[in-house]
Amino acid sequence: MNGPQDIGGRHGFGPVAPEADEPLFHAPWEKRALAVTLAAGAMGHWSIDQSRWVRENRSPAEYYTASYYKLWILALEHLLVEHGLVLPEELAEGRARFETVLPKRVLRAGDVAAVLARGAPVGRDPGPVMPRFAPGDAVRTRNLQPHSHTRLPAYVRGKVGCIEAVRGYHVFADASAAGDKTVAHWLYTVVFDAGTLWGDDAVASDTVSVDAWEPYLEPV
Amino acid sequence: MSHDHDHDHGAGSHLDDMTARVMALETVLAEKGLIDPAALDAIIDTYETKVGPRNGARVVARAWIDPAFAEWLARDGTAAIGSMGYTGRQGEHLHAVFNTDEVHHLVVCTLCSCYPWSVLGLPPVWYKSHAYRARAVSDPRGILAEFGLHLPKSTKLRVWDSTSEMRYLVVPRRPEGAEGWDMEALVPLVTRNSMIGTELALSPAALKAPPP
């Protein structure tokens, strides 16, 4: 999506302002927002990539002015309603009133440590599928501009880079964000010279890499 | 959403709105049995007290003193780090990159906020900021200067944009003056930012309370 989230190389956001002795959370509601998002995700009704897609699929004005955890809450409310787990009236009133979809599972306190320690690895068995590219190969990124979730940033589109490593056969985020977690592709670290991306002002020896699934790439 | 009531009541009202909104959400989910409120407390406790940058600092300190571990860490970050008990969410696929005299590594997620939670905990606000995400790839030396780090042009700068589930841990160079220190003594030298790449590891002189 050519959306507000894709900001690598954009101008106008000013200097970085690291906060001295920054607290882990800036308000009590932020920690609840983190926890309720993880706990609701553990019901298993949507993938983490669907969450990411809902967070970024917003008007630029809203995306750039909402705080990080506010975007999480907006997205969580959207997903809960979309999947029939709550109704908007219930969120507005702050109480459960209607029969709604039952959860596939509920994360219990006693299972939190194990669930977080296990995570959700995205490596899959490639079977007979061999990687098309090898370290050292030159590749060009395709000029892909889907309206949906993708992980090929605009600033590397149509650029020639070099395969540095094959990272594994990973669930394809573009498909997972649309609800299909069965699609996987080979994943590569692709390195670009800074000058290729940013022109003559870049320091010639600097490089930038992205992790790109095979459908993003074509041979040069 | 019909529930968007984030209108401005004046200074300070934003947080109040969000407090009310999240409480309402949590209440509805708990009443429906979709969440266990005690599970939320356990999640918060995990990231407040158990999973944070001290995990990554112990990985780095061990790599500084244990060449066999450093070799394993370079070859298979997920396995080497997992052997120290650091596994799980947002750290399922890890790769460690080592700073040297020739190369300095910097990690960003331009599309959102991907970050190695299992070794660094939750990311700081600046890492998630639009300013950092926008410029870390196009003006990384300018970013580093804002953190007080001025790299010579002779040092190659490598920026890692975390666009997949791969998560990157920077292993900063071991500072001079800490020869002979054991792992636990080295850990305080390894700051969170040094493992993102916006700073160097602390020098022993910079430690407020140097070990004996």
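This one's a predicted model, so the numbers in the text were calculated from it and none came from an experiment. Residue numbering restarts at 1 for every chain, and letters A, B, ... go by the order of the sequence lines.
Contacts from residues 48-57 of chain A to chain B, taken as heavy-atom pairs separated by less than 4.5 Å, involve A:Ile48, A:Asp49, A:Arg52 in sequence order. Within residues 189-202 of chain A, the residues having any heavy atom under 4.5 Å from a heavy atom of chain B are, by residue number, A:Thr189, A:Val191, A:Trp198.
For the set A:Ala39, A:Gly12, A:Pro121, the count of heavy-atom pairs under 4.5 angstrom toward chain B peaks at A:Pro121. Interface remark: of the candidates B:Thr27, B:Leu34, B:Asp41, B:Leu34 forms the most heavy-atom pairs closer than 4.5 Å to chain A. Heavy-atom pairs under 4.5 Å with chain A peak, among B:Asp139, B:Asp161, B:Asn193, at B:Asp161. Ranked by non-hydrogen atom pairs under 4.5 Å with chain A, the options B:Val22, B:Leu25, B:Asp45, B:Leu111 are led by B:Leu111. Chain A forms more heavy-atom pairs under 4.5 Å with one residue of B:Ser154, B:Cys112, B:Ser113 than with any other, namely B:Ser113. Most heavy-atom pairs under 4.5 Å with chain B: of the set A:Arg118, A:Arg10, A:Arg167, A:Arg95, this distinction falls to A:Arg167. Interface summary for chain B: among A:His11, A:Arg105, A:Arg108, the most heavy-atom pairs under 4.5 angstrom belong to A:Arg108. With chain A as the partner, the residue from B:Ser164, B:Pro140, B:Gly82 showing the most heavy-atom pairs under 4.5 Å is B:Ser164. For chain A, the option among B:Arg135, B:Lys153, B:Lys156, B:Glu146 with the highest count of heavy-atom pairs below 4.5 Å is B:Glu146. Across A:Pro28, A:Gly110, A:Pro4, A:Gly14, the residue that shares the most heavy-atom pairs under 4.5 angstrom with chain B is A:Gly14. Contact count versus chain B (heavy atoms, under 4.5 Å) is highest, among A:Ala120, A:Ala165, A:Ala33, for A:Ala120. When each of A:Arg32, A:Gln5, A:Lys31 is checked for heavy-atom pairs under 4.5 Å with chain B, A:Arg32 comes out on top.
Within a 6.0 Å sphere centred on CD of A:Glu19, heavy atoms belonging to other residues, nucleotides or ligands number more than 12. The neighbour count for B:Met84 CE, taken as heavy atoms of other residues, nucleotides or ligands under 6.0 Å away, is above 12. By the neighbour-count criterion of 12 heavy atoms within 6.0 Å, atom CZ of B:Arg54 is sparsely surrounded, having that number or fewer from other residues, nucleotides or ligands.
Here the side chain of B:Arg89 pairs no donor or acceptor atom with the backbone of A:Leu116 at under 3.5 angstrom. The backbone N or O of B:Val125 lies less than 3.5 Å from a partner atom in the side chain of A:Glu22, making a donor-acceptor pair. Put simply, the side chain of B:Glu31 gets close to the backbone of A:Ala96: a donor and an acceptor are under 3.5 Å apart. Formation of a donor-acceptor pair under 3.5 Å by the B:Thr163 side chain with backbone atoms of A:Asp211 is found in this model. No donor-acceptor distance shorter than 3.5 angstrom exists from the side chain of B:Lys32 to the backbone of A:Val101, with no hydrogens or angles considered.
For chain A, no part of B:Cys109 is nearby; none of its heavy atoms comes within less than 4.5 Å. For chain A, the nearby parts of B:Thr87 are the backbone and the side chain; heavy atoms of each come within less than 4.5 Å. Contact annotation for A:Val208: both backbone and side-chain heavy atoms come within less than 4.5 Å of a heavy atom of chain B. Proximity to chain B (any heavy atom under 4.5 Å) is restricted, for A:Glu164, to the side chain, taken from C-beta onward. If you measure heavy-atom distances from A:Thr37 to chain B, you find no contacts under 4.5 Å at all. Residue B:Tyr127: no heavy atom, backbone or side chain, is found under 4.5 Å from chain A. Interface remark: A:Leu71 contributes no atoms to any contact with chain B (heavy atom separation under 4.5 Å). Only the side chain of B:Leu29 comes within contact range of chain A, judged by heavy atoms closer than 4.5 Å. Heavy atoms of B:His104 lying under 4.5 Å from chain A are absent altogether. The parts of A:Val16 that come within reach of chain B are both its backbone and its side chain, each placing non-hydrogen atoms under 4.5 angstrom from that chain. There is no contact between A:Ala173 and chain B, counting heavy-atom distances below 4.5 Å.
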Assess the residue pair A:Phe25 and B:Leu122 against the criterion (side chain to side chain contact (heavy atoms under 4.5 Å, CB included)); give the C-alpha distance rounded to whole Å, side-chain angles, the decisive distance to 0.1 Å, and a yes or no.
CA-CA 9 Å; A:Phe25 299 100; B:Leu122 302 174; 3.6 Å; yes
After noting the C-alpha distance and the side-chain angles of B:Ser138 and A:Tyr155, does the key distance pass the side-chain hydrogen bond (donor to acceptor under 3.5 Å, both in side chains) rule?
CA-CA 9 Å; B:Ser138 59; A:Tyr155 74 88; over 6 Å; no
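For the atom pair B:Glu102 CD and A:Ser205 OG, the distance stands at 11.5 Å (nearest 0.5 Å). Between atom CD1 of residue B:Ile35 and atom CE of residue A:Met43 there is a gap of 8.5 Å, rounded to the nearest 0.5 Å. Atom CE of residue B:Met18 and atom CH2 of residue A:Trp29 lie 4.0 Å apart, to the nearest 0.5 angstrom. Rounding to the nearest 0.5 Å places CD1 of A:Ile7 at 4.0 Å from CZ of B:Arg133.
Relative orientation of the B:His93 and A:His170 rings is tilted, given thresholds of 30° and 60° on the angle between their planes.
Counting only heavy atoms from C-beta outward, the side chains of A:Tyr63 and B:His130 approach each other to under 4.5 Å. Between B:Val159 and A:Asp206, every side-chain heavy-atom pair lies at or beyond the 4.5 Å cut-off. The closest side-chain heavy-atom distance from B:Glu48 to A:Leu24 is below 4.5 Å. Side-chain contact between B:Ile43 and A:Leu107: present, with at least one pair of heavy atoms (C-beta onward) separated by less than 4.5 Å. Using a 4.5 Å heavy-atom threshold, the side chains of A:Val112 and B:Thr46 count as touching.
Pairing each heavy atom of A:Pro18 with each of B:Trp126, the nearest pair is CB-CD1, 3.7 Å. Shown here for A:Ala35 and B:Ile44, the closest heavy-atom pair between the two residues is CB-CG1, 3.8 Å. Pairing each heavy atom of A:Ala109 with each of B:Ala42, the nearest pair is O-CB, 4.2 Å.
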